[in-house]
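Worth saying up front: this structure is predicted, and the values here are computed from it rather than measured. One-based numbering along the sequence shown.
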Amino acid sequence: MNKRRYGMQEDNLPTEYAESNYHTTESLGKYASKLESLLLNKDWFKSLCRTVLNGYFAHILFHIEFRSSLGPAFIYFAIGEGSCLLILSLNPFSNIFYHRLAYFTIRKTLDPLAIAIAILILIVEIINPNISSNSVYKLGSVYRFILLMTILKIKKANPTRQRRFSVLPFRTNSERLINIIRSLRNLEFINGDPLIGSQLERGIRVICNQTLYNFEVYSENKEQEELIHWALSLRPMADHITFKSEPSFGILDGEIPIEIRQALKGINKLTFDVFELKKATQSNELVTICSYLMTDYDGFRVEGLNKQKFMSFIKVIKEGYYKNPYHNATPAADVTQAYHVYIGKYKIQKHFSMTTFDIACCLISSAIHDYQHPGLTNAFLMNSHHDLAILYNDTSVLENHHVASSFSILKDKNNNFLENLSSDLYCNYRGKIIFLVLGTDFSKHFKEISKLKLICKELDVEKHKDFKLKIFMHAADISYSTRQWDMYYNWSQLVLDEFFSQGDKEKSIGLPVSPLCDRDTVNFAKSQIGFIELFIIPVFSIFVEVFPMFNKAFRNAQDYRD
């Protein structure tokens, strides 16, 4: 096999990912950061330092006055002084380790220098106890009082790390309010409560975006709010609706029709039947899954996304999927549900410390990843000089079109669910969604799997996080080969039907028939064996090494191949 043709030979990859020293340095930096946070942000440590300073002060007074008469008991005072110095040294020396050269200014080095000299004096006394009778050395012992003057107050190092809104010594009232909210958010009892923390973060976002006086449709009546939300999303019959006080889709106890509740029961499993949901929702499966999952992950409230406008947006997306045999709204819903399984049950959310922002981007990308797909491959569009191929310069033609067309929907203010975000946060959403959708281009499969093999076992899970989330996007896109047999068999038949339709078009306009597109020569079983061996097994075999939960999906693909 020609490795270069399939992107498996990349000369720069080994050197690019062979920097092992980087991981060690970064890991040490993280440990130092945790130590600094433990020492500086805890009231108990500050109280301990004050107590130690008071004890140290009394110890020095007693030491200077009665040193010559202590005799053998001197060793106990030496141990006490050494313990005090060790505790006091934790704060400045952890800052030096974490900030390195950035810490070394004249003012900031006084604390560690004072402690170092005090330790030196103590060591000299232990080595030569008789030196205490030396009058010059007695003056040196008084130096210990200078130590008290330099470390009476425990300070945070490197104030430049604190967020500042202006380089001038002026502050607006809004900036002061933001700083107060940020200080509240760092309190221990608030930091441990995600609900309060998210509300404070939303308050900061409202102030930064200057949307304090904007209004949203909101009802104090939770039953009414849930009824409005459900009516906007799927327009069910009135006799199917039962009121409930809790507005979350995560609690399915009567707020939606019974047949839809039954269809959604298996949404957390890879055995989920999207065709059953399609029937229950009258072909609104994509809208249902997206609204359910975004609500279940608390994406609207935490991220400040407009729920009503998101529902309008996703309904436009659903209507924009063409009636192809395979590339339509149903596989989009299936891919979205598969990514949800990876995030939750297969533990990638915990492994990568995925935020609500990450999850929202992954779910939205899954929903739009084939929007306005014409049922033709990139190769056909390029060979036939299609307008889309010309527009996107023969580069990831369909993938660029899917994401560009989806974002064009946001131009309508009724669909712009990102309108409340700051400019920077909007750019973050847009950039990540584009990155994830472009990851579904099959032409990049071999190159990116080669890269994944080099980085999959890195200890630093945060490094290359976005790249790995993109690989999971690609895996969800081809995951039908890992599901239960009847689902897999149904999907594979639909895929070939679409390929054969393209082959018929190619024959009619005189183009060479693309692989797997000639209905007269393609063998169904052989085509699926090749697909599993070429695409499925290489990806999921890597996943299993890091995420054991993928073992069931991997075994399914192996069984179907056999």
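Proximity of the aromatic rings of Y342 and F547 is defined here by a centroid distance below 6.0 angstrom, and this criterion is not met. In this structure, the ring of Y488 has its center less than 6.0 angstrom from the ring center of W485. Ring centroids of F472 and F543 are separated by less than 6.0 Å, placing the two rings close together. Centroid-to-centroid, the aromatic rings of F442 and H474 come within less than 6.0 Å.
Taking all atoms of both residues into account, the shortest heavy-atom contact from S479 to A476 is OG-O, 2.8 Å. The heavy-atom pair separating I317 from S406 by the smallest distance is CD1-OG, 3.7 Å. Here the closest non-hydrogen pair linking S527 and L496 is OG-CD1, 3.9 Å. Between F500 and L516, the shortest heavy-atom distance links the atoms CE2-O, 3.7 Å. Between L388 and H386, the shortest heavy-atom contact is N-ND1, 3.0 Å.
Looking at T395, its side chain does come within 3.5 Å of a backbone N or O of N393 through a donor-acceptor pair. Under the 3.5 Å distance criterion, the side-chain polar atoms of N383 are matched with a main-chain donor or acceptor of A379. Checking side-chain atoms of S396 against main-chain N and O of E399 turns up no donor-acceptor pair under 3.5 Å. A donor-acceptor distance shorter than 3.5 angstrom exists from the side chain of N306 to the backbone of K309, with no hydrogens or angles considered. In terms of modelled atom types and a separation under 3.5 Å, the side chain of E498 and the main chain of H327 share a donor-acceptor contact. Side chain of Y371 to main chain of S405: no donor-acceptor pair is present (N/O by atom type, distance under 3.5 Å, no hydrogens or angles). A donor-acceptor contact shorter than 3.5 Å is absent between the side chain of S514 and the backbone of C517. No side-chain donor-acceptor contact under 3.5 Å links Q337 to the backbone of V274. At least one donor-acceptor pair closer than 3.5 Å links the side chain of S541 to the backbone N or O of P538. Side-chain atoms of N416 do not come within 3.5 Å of backbone N or O of K411 as any donor-acceptor pair.
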Q. D504 and S501: side-chain hydrogen bond (donor to acceptor under 3.5 Å, both in side chains), yes or no, with the steps?
A. CA-CA 5 Å; D504 295 340; S501 177; 5.6 Å; no
Q: Dump the intermediate steps for salt bridge (charged side-chain N to carboxylate O under 4.0 Å, His left out) on E419 and K413, then the final yes or no.
A: CA-CA 8 Å; E419 63 179 1; K413 64 180 181 179; over 6 Å; no
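When the options K505, K507, R519 are evaluated for a side chain to side chain contact (heavy atoms under 4.5 Å, CB included) with V513, the one that passes is K507. Residue Y429 forms a ring-ring contact (aromatic ring centres under 6.0 Å, His included) with just one option from F407, F417, F357, and that option is F357.
With 3.5 Å as the limit, one finds no donor-acceptor pair spanning the side chains of N324 and H373. Side-chain atoms of N414 and S312 include no donor-acceptor pair closer than 3.5 Å. Counting only N and O atoms by type, the side chains of N268 and H340 include a donor and acceptor under 3.5 Å apart.
Both cation-pi conditions hold for K451 and F467: the charged atom is under 6.0 angstrom from the six-membered ring centre and inside a 45 degree cone around its axis.
Annotation for E533: atom CD counts as buried by contact number, over 12 foreign heavy atoms lying within 6.0 Å. Within 6.0 Å of NZ in K347 there are 12 or fewer heavy atoms belonging to other residues, nucleotides or ligands.
Distance check: N556 CG to R483 CZ gives 10.5 Å after rounding to the nearest 0.5 Å.
Taking the charged nitrogens against the carboxylate oxygens, E285 and K318 have no contact shorter than 4.0 Å, which rules out a salt bridge.
Under the rule for a side-chain hydrogen bond (donor to acceptor under 3.5 Å, both in side chains), the partners of T377 that lie at least two apart in sequence or sit in another chain are Q502.
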